[in-house]
Amino acid sequence: MADPETLRPETLLSVRGLRIGATAYPPGEAPRDIEIVKGIDFDLSKGRVLGLIGESGAGKSTIGLAALAYGRGGVRITGGEVRLEGTDILALGKKGVRALRGARVCYVSQSAAASFNPAQRLGDQVIEATLHHGLATRKEALARAAHLFRLLSLPDPDSFGDRFPHQVSGGQLQRAMTAMALCPEPDLIVFDEPTTALDVTTQIEVLAAIKAAIEETHTAALYITHDLAVVAQVADDIMVLRHGETVEYGPTRQIIEAPTQDYTRNLVNVRSIRHAEAPDQSGQFLRLSGINAFYGSFQVLHDVSLHVPRGQTLAIVGESGSGKSTLARVACGLLPPASGEISFDGAPLPRTLKKRTREQLRRMQMIYQMADTAMNPRQTVGQIIGRAVTFYSGKRGAARRARVIELLDQIELGEAYLDRYPAELSGGQKQRVAIARALAAEPELILCDEPTSALDPLVADGILKLLLKLQAEKGLSYVFITHDIAIVRAIADSVAVMHRGRLVRFGPKSQVLAPPFDDYTALLLASVPEMELGWLEKVLARRRA
Amino acid sequence: MTAPRSDTPVPRTLARKLHEIRSDYPMGSRILGRLLLGLVLLWASSVLIFCGIEALPGDFATTYLGQAATPQAVANIRAELGLDQPMLTRYLAWAGGILHGDFGTSWASGQVIADQLWHRLGNSMLLAGCAAVIAVPLAVSLGLLAVLYRDRWPDKLINLVSLAAVSLPEFFVAYLLILWLVVQHPVAAFPATVYDSMSIWEKLHTIALPVATLVLVVIAHMMRMTRAAILSLLSSAYMETATLKGLGALRIIVRHALPNALAPIINVVALNLAYLIVGVVVVEVVFVYPGMGQYMVDAVTVRDLPVVQGCGLVFAGIYILLNMAADILSIFVNPRLRHPR
Amino acid sequence: MKQTLKTVPLSAWIGILGISLCVFAALFAPWISPYDPNQILGDPWAERSPEYLLGLDNLGRDLLSRLIWGTRMTLFVATVATVIAFSMGVILSLVAAVMRGVVDIGLSRLNDLLMSIPTLIFALIVLSALPQTLGVLIMVMAVLDATRVFRLGRALAMDLVAMEFVEAVRLRGEGTLWIVFKEVLPNAMTPLLAEFGLRLAFAVLFISTLSFLGLGIQPPTPDWGGMVKDNKDGIIFGVSAALVPGMAIAVLTVSINLVVDWLLKRTSSLKGGRGDG
């Protein structure tokens with residue numbers, strides 16, 4: 001219990017022993033209470049930024065919303081206190097809480113696209129809270145909004161507010177939401193993963209805009225994210241959370257440069273995997289040449305040609321809409337190209353799935369980004385993998401069971417998982433099962449469509465290590481689709497950079513990721529946050545130059 | 001190797017052209033498309049109604065005269081009714097007549113159908129219109145009430161009663177009302193026979209019970225659908241944003257929920273108005289109300305096919321029109337189409 | 001299974017009870033009905049008495065016996081029509097969703113067309129031209145109901161076919177039959193079951209309405225809608241005989257709806273409960 005006397009005068013937000021619970025409803029079982037946040041303490045001074053970092057389920061968003069005395073979807077604050085300039089906001093009545101939200105504490109969510117009312121102009125929504133709480137006249141609020149739009153480098157700041165949410169891009173919406181939070185001149189803003197849903201090249205712009213706005217307005221902020229490299233650019237202090245408890249709490253420099261806990265060290269050193277590039281990349285195990293592909297009348301791939309040598313990894317990197325996933329769909333036959341040829345192990349491959357033989361299908365397998373939706377929720381792990389075994393090898397009964405167990409061992413899960421349903425597995429375990437299902441075919445090439453991007457960094461690392469181990473053991477070839485340059489560095493032999501349906505750059509990793517760059521690759525590489533203080537300023541300074 | 005291309009360049013440019021028109025005039029092109037679809041459906045349903053009767057086994061003349069009729073008598077009546085003509089000729093004559101407002105003559109009474117039809121359609125519209133005027137605002141407010149008191153007793157009560165109400169047949173509700181308000185407490189009129197000579201107030205008093213029945217039948221459905229539509233809206237992220245701005249419940253609902261609820265509510269209303277059209281048939285029979293529903297049921301009983309066809313087409317036309325109106329209105333209130341990029 | 005039984009709410013149990021009662025009456029009608037349903041026993045609309053528990057009808061037949069036999073008729077017609085409608089609707093919708101292309105477009109357009117005319121109006125049109133026999137009645141109801149099943153089934157199947165796990169299975173090279181029966185159908189089962197309930201309730205209401213209009217099951221065979229028609233003239237004299245079969249219809253349809261409500265809630269909670277563990 002904090003004694004108000006001992007608080008430093010400039011302390012804005014003081015959290016003591018915060019406990020937050022919820023009721024879980026596991027299917028087919030009686031509901032039970034679970035604790036999401038298990039006693040958290042921190043102080044935030046005026047004008048400072050505290051980064052809350054952790055994996056999914058760490059309770060970081062829940063803590064952020066507690067600063068607005070809000071619990072999302074049945075979440076209850078069960079203990080502790082949240083004091084804003086000495087007043088416990090959890091003890092405020094309904095009216096008091098309403099006077100606080102949107103006036104003294106504001107919130108920026110991850111999905112700005114969903115968080116704006118589609119039927120109202122952006123400007124009206126940005127100034128709504130300011131007017132509602134009587135903080136300014138309409139004229140003043142509009143002027144302030146225009147000023148904020150300019151500060152956040154939004155286009156046409158004076159008329160930007162006349163647009164509707166669907167008329168602007170995702171990155172602009174995220175900045176507009178920041179403007180909405182800044183408009184009432186609050187004491188505190190909670191940023192809840194504001195850049196996570198954005199592409200890397202957009203993320204850096206939004207990040208820079210947020211940082212500039214925070215500095216200019218001297219607002220204090222809670223910055224929530226799962227990406228340590230991002231938070232290192234904006235936060236003064238960092239709190240590392242895991243399973244609702246504090247792992248480590250200290251100044252940003254100390255956390256990044258001298259972490260004291262193993263868990264933090266792992267987070268800082270994530271993706272330390274370095275896979276040495278294969279010297280000989282002349283082979284053409286899978287070759288796509290001159291591929292043009294359409295969705296309806298819209299051309300998604302323009303004359304793309306690339307190849308993968310046997311036993312090596314080709315990383316295809318690009319942002320959303322670059323056509324990288326479409327390329328995988330063309331390769332496996334799901335989307336027949338309008339023109340171009342596909343050859344596999346020296347022989348031409350039919351363009352459509354229907355015309356490919358079972359043997360051709362067996363040799364090339366696919367792993368999806370969302371393991372959740374890639375497995376039938378009504379089948380057990382044993383059935384999911386077992387069917388692939390039977391289908392390709394004809395094994396049944398005990399032989400099939402033995403083979404499934406062998407595969408489960410290979411993906412480091414084991415026999416105990418045989419009768420589990422996908423819903424009973426964690427994200428990483430699901431992805432491992434998906435890998436086992438692909439392995440059941442004894443393939444020679446696996447198309448991996450962002451298999452780690454929905455996973456937490458440490459879990460993703462485990463999956464990457466598993467894929468590399470399997471490649472070394474079985475001589476597998478991978479086509480690895482990703483938006484993450486760090487993963488490319490970690491696992492690729494050769495790299496293809498895609499942009500708007502065109503192949504921008506293709507070659508061995510050492511050449512593609514080294515200068516001289518084309519404009520797009522340079523932008524892409526420069527936009528990936530690095531675990532380094534002052535990185536953002538450096539990049540921005542370089543861009544201005 | 002020259003693989004045959006699935007799509008040749010010509011249709012692709014055409015498709016692109018259409019796509020461009022669609023993105024340049026998103027609202028106009030969609031409304032036009034929906035109008036065209038409505039016309040096509042109307043035409044197709046006229047074919048279906050005509051063929052549905054004509055192509056089915058069983059011949060009117062034989063049914064009409066009985067199995068014992070002489071072949072000569074059958075041939076005579078067929079010639080008299082024009083049944084000996086080829087089907088296409090008869091369809092064209094029928095459809096052409098309707099375009100000029102001529103629905104033919106009744107086999108049973110020999111009267112011109114159009115006169116009867118328009119007269120009775122007016123009566124039916126009075127009934128359905130009164131029911132709609134009462135039911136729509138009532139159902140929407142009850143739906144909103146249920147949402148405001150979600151999971152508390154008003155919501156649970158409304159839910160339970162409406163679940164029971166959607167399960168009741170119209171005639172059961174009607175006879176309950178008659179037993180209660182005509183027999184036990186004589187305040188309402190039965191049967192609800194209206195005449196042209198009646199004043200509008202007399203008419204309204206006479207049709208009070210059938211209107212009440214229709215309202216009861218349609219309201220539960222409409223209310224449940226309104227509640228579901230608003231609830232799905234409330235779970236959207238922008239409602240949370242509004243809460244986190246510190247806005248009051250009323251302002252959140254009026255400023256943020258209602259503008260977005262318009263499209264789903266319009267849909268609910270139109271669906272239920274279309275449902276009213278069917279409800280009218282049974283209610284008219286119960287209350288001996290001289291509307292189109294009863295006209296049609298009587299015609300079906302005596303197999304007066306031209307009347308059945310005419311009534312069927314008018315019913316289908318209203319139904320198609322209502323669905324089309326709903327779609328066009330929801331295109332109209334969609335902010336994405338109203339304010340294109 | 002024990003776990004599932006415990007989570008069944010009271011309202012669903014009431015529904016199950018109501019349905020069981022009707023099914024029992026329908027199955028054992030010859031043994032439990034006190035009199036021959038078509039035998040004239042006394043004065044029209046005789047009052048309730050220990051002898052005739054629900055009184056007599058407009059011709060002096062035992063109302064309770066006719067109600068029990070009517071359960072059999074109504075439930076039989078509704079069930080058979082729904083089963084046929086369901087088989088047709090589900091099979092055609094799965095074919096449309098899996099085959100795509102011309103088959104899908106053709107079937108969907110035809111379905112849109114059939115649905116553009118209100119069900120009752122369509123039934124009236126067809127019944128005006130066809131002989132009013134039991135078989136015709138059932139087939140007309142089945143075809144009209146199948147359109148609604150088709151629409152739901154196609155939407156469900158389209159959603160599922162677009163899911164990645166179905167795509168993964170297609171990539172493996174599995175045949176259409178495996179995809180339909182092993183991957184798509186098990187996932188569509190609960191919503192389809194709920195839809196079956198809804199359609200059954202609708203069929204009960206529909207056949208009763210047709211009989212009430214005199215176009216359904218023909219007298220003297222007892223059925224609920226027909227019984228309302230027979231006894232409706234008594235209402236104005238305060239005789240509530242017409243309300244008894246009306247009540248039976250209400251009990252059955254409310255019961256079915258209670259069970260369906262529970263099934264639908266269960267589906268949505270299954271979907272919602274599948275977040276990150």
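Values below: every heavy atom of this structure, side chains too, minus hydrogens, waters and symmetry copies. Quick note on labels: first sequence line is chain A, next is B, and so on, each numbered from 1. Because the structure is a prediction, the values reported are computed rather than measured.
When heavy atoms are compared at a cutoff of 4.5 Å, Q360(A) does not approach chain C at all. If you measure heavy-atom distances from R356(A) to chain C, you find no contacts under 4.5 Å at all. For chain C, the nearby parts of A388(A) are the backbone and the side chain; heavy atoms of each come within less than 4.5 Å. At a 4.5 Å heavy-atom cutoff, I367(A) makes no contact with chain C through either its backbone or its side chain. Only the backbone of M375(A) comes within less than 4.5 Å of a heavy atom of chain C; no side-chain atom from C-beta onward does. For M364(A), no part sits under 4.5 Å from any heavy atom of chain C, backbone or side chain.
With rounding to the nearest 0.5 angstrom, the CG atom of L334(A) is 4.5 Å from the CG atom of L171(C). With rounding to the nearest 0.5 Å, the separation of CD in E174(C) from CG in L361(A) is 10.5 Å.
Listed by first then second residue, pairs satisfying side-chain hydrogen bond (donor to acceptor under 3.5 Å, both in side chains) with a partner in residues 101-116 of chain C read D104(C)-S108(C), D104(C)-R154(C), S108(C)-R154(C), R109(C)-D112(C), not counting sequence neighbours.
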Decide side chain to side chain contact (heavy atoms under 4.5 Å, CB included) for R172(C) and R387(A); before the verdict, give the C-alpha distance in whole Å, the side-chain angles of both, and the deciding distance to 0.1 Å. CA-CA 10 Å; R172(C) 191 193 292 154; R387(A) 174 62 192 175; 3.0 Å; yes
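Remark: R76(A) CZ is packed, more than 12 non-hydrogen atoms of other residues, nucleotides or ligands lying under 6.0 Å away. Residue R151(C) places its CZ atom among 12 or fewer non-hydrogen atoms of other residues, nucleotides or ligands, all under 6.0 Å distant. For M88(C), the CE atom is densely surrounded, since the number of other residues' heavy atoms within 6.0 Å is greater than 12.
Side-chain contact check for K182(C) versus N376(A): every heavy-atom pair is 4.5 Å or farther apart.
Residue R437(A) comes nearest to A168(C) through the heavy atom pair NH2-CB, 3.7 Å, listed as atom of the first residue, atom of the second, then distance.
In this view, R329(A) and E167(C) satisfy the side-chain hydrogen bond (donor to acceptor under 3.5 Å, both in side chains) rule, not counting sequence neighbours.
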